Amino acid sequence: MRLLVVEDEPDLLASLTKALREEGYAVDAADDGEAGLSKAENWDYDAIVLDVMLPRLDGWELLRRLRRTRKTPVLLLTARDASRDRVRGLDAGADDYVVKPFDLGELLARVRALIRRAAGQTSNLIEIGPVTIDTAARRVLRDGQALVLTAREYALVEFLALHRGAVVTRTTLYEHLFNEDDDTFSNLLDVHVSNVRKKLGADFITTRRGHGYCLE
Ligand code: CA
């Protein structure tokens, strides 16, 4: 899952980006509204964390313009006691909000919920044959036994599981699993796929030659 964080306070931007990456997300960052809108319009992010008070273009206006072309789930960061700000944000097309200063655990849970809902998934648990993906705990079980996956391996499994039945192209996987600063070699995705197959079974991920990958 690839996220965009738009926040002009350097410390908060850095700590949010770090925390989200530690959760296994690919994260891009923007520190003003214009840069944020430009990235949000050009990439298919899985969710955007958007501060409302931003230089150059505020969060409400960014959202209003973004909604002309994209439905990307947006979580607003709003000021305490500013209920009018929250109403304005929700009316402009935000999907949810947290109030600053927010609890990190709550923000992470809300991001997970946004991504889940955007995929039409109501439960935290996705079951595919003997494999269960727990998107709240971010872990994978096979026959009830928890498996040890790296953050990237988990992200790969979760993305395919949320799009199960559909063929996901390699380009799409690159766009959703790696951030703009990641320096990746073209075969790295194959390494992750290969490792997931070793852990979850060779037939867990189907290769569709010339098209991409699929969970049946
Ligand atoms: Ca701000």
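Model, not experiment: these values are computed from the prediction. Both counts, for ligands and for their atoms, begin at 1 and track the order of listing.
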Cut-off under 3.0 Å, centre the Ca ion (ligand 1), protein N/O/S atoms: D8 OD1, D51 OD2, M53 O
L215 and V131, any side-chain heavy atoms less than 4.5 Å apart: no
Reported CG-to-CZ distance for the pair D190 and R197, which is rounded to 0.5 angstrom: 9.0 Å
Backbone of L125 reached by a side-chain donor or acceptor of Q121 within 3.5 Å: yes
Flag if over 12 foreign heavy atoms under 6.0 Å of CD, E216: yes
Donor-acceptor side-chain pairing of Y97 and D85 below 3.5 angstrom: no
Joint hydrophobic cluster, Y174 plus Y154, side-chain heavy atoms closer than 4.5 Å: yes
